[in-house]
There are 2 protein chains.
Amino acid sequence: MTRPTVNDIAREAGVSLATVDRVLNDRPGVRAKTVSAVQEAVARLGYVRDMAAANLARQRSYQMVAALPDGDSQFLAELEQALREAGSGAAQARVALQILRYPAEDVHALAAALAALPDTTSGVALMAPETPVVRDALRSLRARGIPVIALVSDLPNTERDHFIGIDSRAAGRTAAVLMGRFCGGSTGSILAIAQSMHLRDAVDRRRGFDEVMLAEFPGLTVLPTLETHGADSTLRAVVTEALRHAPDVRGIYLMGAGHRALAATLADLGLTGRMVIIGHELTPHTRQALLSGHIDAVITQNMGHLARSALRVLRARADHAAIDAAQEQLRIEIVIRENLAP
Amino acid sequence: MTRPTVNDIAREAGVSLATVDRVLNDRPGVRAKTVSAVQEAVARLGYVRDMAAANLARQRSYQMVAALPDGDSQFLAELEQALREAGSGAAQARVALQILRYPAEDVHALAAALAALPDTTSGVALMAPETPVVRDALRSLRARGIPVIALVSDLPNTERDHFIGIDSRAAGRTAAVLMGRFCGGSTGSILAIAQSMHLRDAVDRRRGFDEVMLAEFPGLTVLPTLETHGADSTLRAVVTEALRHAPDVRGIYLMGAGHRALAATLADLGLTGRMVIIGHELTPHTRQALLSGHIDAVITQNMGHLARSALRVLRARADHAAIDAAQEQLRIEIVIRENLAP
DNA sequence: TGCAGCTTGAGGTACGCACCTCAAAAAACG
DNA sequence: CGTTTTTTGAGGTGCGTACCTCAAGCTGCA
């Protein structure tokens, strides 16, 4: 009835508690035959280690690290905040999360910081661009036995243990469907704006967006991506310029930050409310824009889920435990004013 | 550096370990002055009880119960499945979840089952209609010190400790916005179909739907709700009849089950793909319908989150611990083909 | 046969906490 | 003041596991 304990295993296998312990914890000095006897007893009784008690005894604490690029984007601020909360929430589970911000453009600084992590680190969650330097840093981390998961933006499969985030291409496709349908069958062109097309995410989003627009909404033409490089003034300039050349713009797909600048620019041009606007990532700005009607929809991922999922996966990795893939699957969320959480 | 333990509290407060224990566990025989001395020490050191160790010592196990109406709807099957998985996932945290199915129409049977629960039950999650019998049963449960949370469909505030589910009215509003925008500014009428308008959820959804349709899409008229009572044949009959009388139907809002029957009916009438269809609850049927293009969007809540949230909240109630409201807030999810999880 | 080396058992300590008992100290009371 | 009552301390045991030591048993090999 009650859960079997190590003592039950010992009795069932006809060995001593010490031997069971040696087997369960991969300690040497046990004959292969005895090992399998114990393992059979474990299987027979359906024993599962009581992690709470084990961690208590082990005096183990998980030293997790999350590394994010620096920068004052609201998205990163939200992510950091979510990680921080997940970290303090998990404190009772003996996990301590340290958040590391590295200079956004300086992957060498990131690599150095990762190399400086103590061997006692039990896991690293990383949001970083996909460069050779980063790849090497990850490989070296993993060689040291430290699991690494990619956050938000995926890294090459072989270099990380897990990816936590949404499929950017599917997110782009989702944005396209909403854009197409919200435009209601009319013809015209669509403006796509990104911070930079050097980031993998932006490229994937754009790719997904184009796929669907081409296939399902042939009446709408997506113009070449405008890059803002994170500067509001640049956004204003390129949008103004683009709208001058293409007066038939029916919608704007804003793939990165800049919603306030965009709203201001459209207001100045007297175009507020005249086109469908779809953005990414729910932040205070986009939330406000949804409420005020400046944006029609936002495609996002839940930062809280992402952060908690990251910690869970890292813990599971550290414990060599299984991961519930379904639970860790992040959804591509569609947010409009009506389903905005209060 | 490390977390303070009860011993640290004892030293800090200048009392013995036994006294700290008495205070922490609300045991009698401690002077008010001493109690506050201990509490101050707790606050000063930022002590938080190690729940894992506490439960280990207490030999505590949580006996949770989830009661759902009987019936073969996919939604209920998914919910039960999700609860079952959440339960086995939480088994390592010493919670055992028993799932109780009661005859859908028989609230007396439900009341009897609830009354028969042992006093050792640590919490009940309940999906039930809002009737006096249910209300009394809940009141009596809570009088016995057993926390009760409402699942999916809320119960009157005073009778339950918590509600886990989405705001049905907001869900209806969300459906309306999608319906209106997907119809693309055209005029006509909208069919609304429910299993029964006796369920609180359906009424709320309809209310939210109407609010938005009236205010934002005056060109679209929502016809009176058709009730199917869960029978495919009824659905077919009422839909066929309704479409005969109203040839200008532009969209269908299916608030409950019946997607297969609806698809078949429309196919027979040669209307497949001719109108916007919006449904509720992601199930194998609606998922299939999204993939095949028979439905345009589904408004849903994540069963996995719901189930896990229910267990978390029940546990927190049992432990008299705080609840992270933000984490337990279920989202109204919008699902279209493009953001359907694989 | 004897000895080294491997394997196993027995038992202890610790983790942080709950819960129990008994005696001693302190406070309240008449 | 003595007596009763309340409050407190000291200490123990156990939860399920990890990890350590030491001695005893077993194995194979020269």
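Letters A, B, ... are given to chains in the order of the sequence lines, protein chains preceding strands, and every chain is numbered from 1. Worth knowing before you read on, the calculation uses all heavy atoms, side chains too, and leaves out hydrogens, waters and symmetry mates.
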Trainee: What range of DNA chain C does chain B touch, first nucleotide to last, counting atoms under 4.0 Å from its heavy atoms?
Mentor: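 That gives a stretch of C/dG16 to C/dA27.
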Trainee: Under the ring pair (Phe, Tyr, Trp, His ring centres under 6.0 Å) test, which residues partner B/H305, sequence neighbours left out?
Mentor: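 A/H305.
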Trainee: Sort me out a list of protein N/O and nucleotides 4-7 of chain D N/O pairs below 3.5 Å, or just none if empty.
Mentor:
residue: D/dT7; atom: O3'; partner: B/R31; partner atom: NE; Å: 3.4

Trainee: Holding to side-chain hydrogen bond (donor to acceptor under 3.5 Å, both in side chains), I want the full list of residues that pass it with B/T283, two or more places apart in sequence or in another chain.
Mentor: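 In terms of side-chain hydrogen bond (donor to acceptor under 3.5 Å, both in side chains), with neighbours along the sequence ignored, B/T283 is linked to B/Q74, B/T286.
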Trainee: Can you name the side-chain contact (heavy atoms from CB on, under 4.5 Å) partners of B/R11, sequence neighbours left out?
Mentor: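 Per chain and number, B/R11 pairs via side-chain contact (heavy atoms from CB on, under 4.5 Å) with B/D8.
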Trainee: Just jot down the side-chain hydrogen bond (donor to acceptor under 3.5 Å, both in side chains) partners of B/Q81, sequence neighbours excluded, or say none.
Mentor: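 Only B/E85 meet the side-chain hydrogen bond (donor to acceptor under 3.5 Å, both in side chains) criterion with B/Q81.
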Trainee: How would you list, by chain and number, every residue that makes a side-chain hydrogen bond (donor to acceptor under 3.5 Å, both in side chains) with A/N55, sequence neighbours excluded?
Mentor: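 Listed in chain order: A/Y62.
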Trainee: So for the helix from C/dT1-D/dA30 to C/dG30-D/dC1, with five pairs setting each end axis, what is the inter-axis angle to 10°?
Mentor: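 The helix from C/dT1-D/dA30 to C/dG30-D/dC1 shows an end-to-end axis angle of 30°.
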Trainee: Tell me, please, which residues at least two apart from A/V48 pass side-chain contact (heavy atoms from CB on, under 4.5 Å).
Mentor: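 With sequence neighbours excluded, A/V48 shows a side-chain contact (heavy atoms from CB on, under 4.5 Å) to A/R3, given in chain and number order.
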Trainee: Enumerate the residues from residues 12-27 of chain B whose closest heavy atom to DNA chain D is under 4.0 Å, giving them by residue number; use none for an empty result.
Mentor: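 When residues 12-27 of chain B is checked for heavy atoms under 4.0 Å from DNA chain D, the hits, listed by number, are B/G14, B/V15, B/S16, B/A18, B/T19, B/R22.
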Trainee: For B/R312, what residues pass the side-chain hydrogen bond (donor to acceptor under 3.5 Å, both in side chains) criterion, not counting sequence neighbours?
Mentor: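 Partners of B/R312 under the side-chain hydrogen bond (donor to acceptor under 3.5 Å, both in side chains) test: B/E328.
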Trainee: Checking B/I166 now: which residues fulfil side-chain contact (heavy atoms from CB on, under 4.5 Å) with it, not counting sequence neighbours?
Mentor: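 Partners of B/I166 under the side-chain contact (heavy atoms from CB on, under 4.5 Å) test: B/A171, B/Q301, B/L330, B/I332.
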